[in-house]
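Because only heavy atoms are used, hydrogens play no part in the values below, and waters and symmetry mates are left out as well, while side chains stay in.
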Amino acid sequence: MKLSMLRRRSALWTKTVLTAALVLTLTAPAVQAAAVPAASAPPAATAAAVKPLTTENAAAFLKQFFSSDEVKAQLAGAVVVVVKDGKTVIEEGFGFADKAAKSKVDPDQTVFRLASVSKTFTAAAAMQLVEQGKLDLKADFQTYTGPMSFDNPFGVPVTVENLLTHTTGFRIQDPQPEDINDNFTAKVSIEDYVVKHMPPVVREPGTSYMYDNFASLLLGLVVEKASGMAFEDYMAKNVFAPLNMNSSGYLLEGKLKDKLATAYDATGKALDLYTVTPTVMPHGGMLSTAGDVGKFMTAFLNGGTLGNNRILAASSVDAMKEYRSSIHPLLPNTTYGFEAPIQLPGAGSSSKIITKAGDLIGFSSYMFLIPEQNTGVFIGYNQQSALRELFYPAFIQTFFPQYAAPAKLDSFKPLSAAALDGFAGYYMDLRLKSLVSTVAVQDGALTISDALLGSRKLRQVDDNLFVDELTKKFTGFELNADGQSTYLKEPYLNPYSYEQKGPDGVGYADVPASHPYATPVMMLQSLGYLPNDATLSFEPDAGITRAEYVRLMLESSGVKESKTAKLAFADLQGHPAAGYVQMAVELGMVLGTADGKFQPDRVITRQEAAVMVWRLLTAQYPDKLFQKVKLAGNTDKWAVPAVKMSVALGLYGPDFKPDAKGAVDYKSREALSKKENAAILYALFTNPLNQIVAGLTEKPAEAGK
């Protein structure tokens, strides 16, 4: 179950609101790029420099990798197993399974949470049942689960194959905050959980790619129903036992619990033991050792057999190697159970390599197989970090540099500036609503901008493929019959999902295209946060209430309403935004007012709004960064740090300009207008906050200018 906990992206509050939400909800996919993108492709290794994958060379590589200062700075414990040609090349542990006890990682004994690598094993179980004639990949999944209650307005069923390939069209339905808990006695079945949380279909099944935890959970239920066995029992009997995977399972109990590595956060702080609902998670709950994963990789690469035992037919293995969808051949999506590898600059994501990444709180893993080289690699670690983003490129470049070589592209007809207009617009990630890319045509060329890297040019290299001139990685577009772009896939914000292009914002009767706030208002219309109807009035100068401000802030981050029954404030009872305000309390965004109430329908002041954002961002961006920011006008003392942060990060609209001394009058005590709220949201979607802060750090005297 992937978390974008590895990326130091400046996706605004994504790093704050979503950081809090991610820790609770497991929503985001693991981001595959390093924190600082490579400016160019890695140098191609010469034939003489390519090292054969031997035990000696692998040991030397691992020693050098884990001895580097960059890796040691983010390592608690890790394990690596490499298999090739039916044998284990190397199996090693590094660092500590428990730092306090100084217990070292043992590749055959230390248990790790595999997180989403579990999905590959669930897919293997499904393919076994296909072989037995108990599953039809083209059948409606309800053929096996029985009728489920959910909306599907497209007249196209969600098939078992859609579940396997993450093309269901489901609205995102990731684990809920309450699903991560410390209640180790409660038992929740897969079926009960699915029935309670079944999402609607919001895109035609089979037409778009979105990494889908719920789809893999449903696939586990299909395995249960088709086999007539509890999922964990089926896996133990039909996958683990034949491969002698004696340290693998789904229940956090017995030796699996006793030998589980301690989880650590990004700072190296130990995390409390937790469990996740449902009790058995086909989509992310597998517990295992590196030695056991090595056995699975060996069997898979050997056509489904290990020794005298077979878990898959060779035809099933072949089916699981084949990518089933792509936005471009260099940007494949998924196979039955695997996904595209980390994109390498200039090379793209090789379809010759199949991978599976996983993240849970304090654990990350990466399994990658190169079938034509009979090679499989697994790395797992117990601290939130970007180790796999460092490990995978280094391993490929050392032993198989041909997969990192610049891609060879056929000739193509460059698009005219007029044709490029079909790509322009706002694109929202299908999984994480706060991840937005802005594509535009400037001086006859395409540009892309987001809150991670800011604006940069896209150079066309194929009909629907462009190379990012800053990072040298590819961005692909899906076009409709009219040459209009409908989706894009890029390597940074979320390579595990498409971003969907929104319709053009049309403005309002009182916010025409010439209005100074038209850009932020029309963006919010395009993204679906405001009604996209030009006949309506927006009332741009009207104040926005405290509850509405909180609702829009959280809703546009993808954070859902709290399910907490006992509300923090009595005056929230019965209020339509009560769930959002309660969630804001739980995230630390809201503390209430002096009278102990929230006052949801009172118009919020600009400084109050700034403080709510500041509470989310201050852990990432401490106040000392903004000490030299110059303010004019009147700001209450309790709001000064927050207002300074908002000014420095550009969280305001075009009406606010620095004076001759570089000071900004934030009009802190005035009401926050609807147009200014739109401008703040627009800035949070688009301003590269990390870059702004880096500039303050380098030139603090310039802050506020």
Side-chain angles (χ1 to χ4, degrees), residues 32-68 70-71 78 80-90 92 294 297 300-301 321 323 326 328-332 335 338-357 366-379 386-410 461-462 465 467-476 491-492 495:
Q32 294 182 329
V36 179
S40 60
T46 64
V50 175
K51 296 181 179 180
L53 185 53
T54 64
T55 299
E56 181 181 9
N57 287 338
F61 168 81
L62 292 177
K63 181 179 180 180
Q64 181 181 22
F65 180 83
F66 284 101
S67 297
S68 72
E70 186 174 12
V71 169
V80 176
V81 58
V82 180
V83 301
K84 182 173 174 59
D85 298 329
K87 298 179 180 179
T88 298
V89 174
I90 196 167
E92 272 196 71
M297 293 192 298
F300 188 91
L301 292 166
K321 296 175 186 175
Y323 282 99
S326 68
H328 185 276
L330 291 175
L331 300 177
T335 75
F338 294 93
E339 63 209 11
I342 294 169
Q343 193 182 146
L344 300 177
S349 297
S350 175
S351 60
K352 303 287 188 178
I353 301 175
I354 54 178
T355 79
K356 192 71 200 75
Y366 200 50
M367 176 170 66
F368 57 97
L369 307 177
I370 315 175
E372 65 183 12
Q373 304 293 341
N374 265 335
T375 297
V377 182
F378 172 79
I379 179 172
L387 280 189
R388 66 166 168 258
E389 283 73 26
L390 301 173
F391 181 87
Y392 173 79
F395 185 93
I396 292 296
Q397 190 62 47
T398 300
F399 296 108
F400 301 105
Q402 61 267 40
Y403 302 108
K408 295 180 180 179
L409 293 161
D410 296 331
V461 293
D462 205 350
L465 188 71
V467 65
D468 186 318
E469 293 204 332
L470 173 65
T471 67
K472 309 305 179 187
K473 293 190 178 184
F474 295 121
T475 292
Y492 293 107

For T55, the side chain to side chain contact (heavy atoms under 4.5 Å, CB included) test, sequence neighbours excluded, returns V89
Got a sec: does the CD of Q402 have more than 12 other heavy atoms crowding it under 6.0 Å? yes
Can you tell me how far apart OG1 (T355) and CZ (F378) are? Round to the nearest 0.5 Å. 12.5 Å
Considering all heavy atoms, the nearest A347-A405 contact: CB-O, 3.2 Å
For Y392 together with F368, are the ring centres under 6.0 Å from each other? yes
Using the rule given for side chain to side chain contact (heavy atoms under 4.5 Å, CB included), can you reason through F391 versus V71, listing the C-alpha separation, both sets of side-chain angles and the distance that settles it, and then say yes or no? CA-CA 9 Å; F391 181 87; V71 169; over 6 Å; no
Check side chain to side chain contact (heavy atoms under 4.5 Å, CB included) between E56 and all other residues, then give those that pass, not counting sequence neighbours. T54
Indicate the atoms forming the closest heavy-atom contact of P332 with S326, along with that distance. CA-CB, 3.5 Å
Heavy-atom closest contact (Y323 atom, P341 atom, distance): OH-CD, 3.5 Å
After noting the C-alpha distance and the side-chain angles of V377 and Y366, does the key distance pass the side chain to side chain contact (heavy atoms under 4.5 Å, CB included) rule? CA-CA 8 Å; V377 182; Y366 200 50; over 6 Å; no
Using salt bridge (Lys or Arg N to Asp or Glu O under 4.0 Å) as the criterion, list what pairs up with D468, not counting sequence neighbours. R456
For the atom pair CZ (F474) and CG (L330), what is the distance rounded to the nearest 0.5 Å? 5.5 Å
Heavy-atom closest pair (L465 atom, G476 atom, distance to 0.1 Å) is CD1-CA, 4.1 Å
Can you name the residues that form a side chain to side chain donor-acceptor pair (under 3.5 Å) with Y403, not counting sequence neighbours? E372, Q373
Mind checking what makes ring pair (Phe, Tyr, Trp, His ring centres under 6.0 Å) contact with F300, not counting sequence neighbours? F338
Counting distance only, does the side-chain N/O of S349 pair as donor-acceptor with the main-chain N or O of L331 below 3.5 Å? no
Run the side-chain donor-acceptor check on residues 58-65: report pairs under 3.5 Å with partners two or more places apart or on a different chain.
none

Output all residues satisfying side chain to side chain contact (heavy atoms under 4.5 Å, CB included) with T88, sequence neighbours left out; order by chain, then residue number. V81, V83, E91
Return the OG1 to NZ distance between T375 and K84, rounded to the nearest 0.5 Å. 3.5 Å
About how many Å separate NE2 of H328 and OG1 of T475, when rounded to the nearest 0.5 Å? 12.0 Å
Checking K321 side chain against P371 main chain: does a donor-acceptor pair fall under 3.5 Å? no
Fit a plane to each ring of F399 and F395, take the angle between them on a 0 to 90° scale, and name the class: parallel (under 30°), tilted (30 to 60°) or perpendicular (over 60°). tilted
Can you see which heavy atom on G376 is nearest to which on L369, and at what distance? CA-CD2, 3.4 Å
Here the gap from M367 atom CE to I379 atom CD1, rounded to the nearest 0.5 Å, amounts to 13.5 Å
Say you draw a straight line from CD1 of I353 to CD1 of I342; how long is it, rounded to the nearest 0.5 Å? 10.0 Å
Side-chain heavy atoms of I396 within contact of I370, under 4.5 Å: yes
For A394 and T398 the tightest heavy-atom approach is O-OG1, 2.7 Å
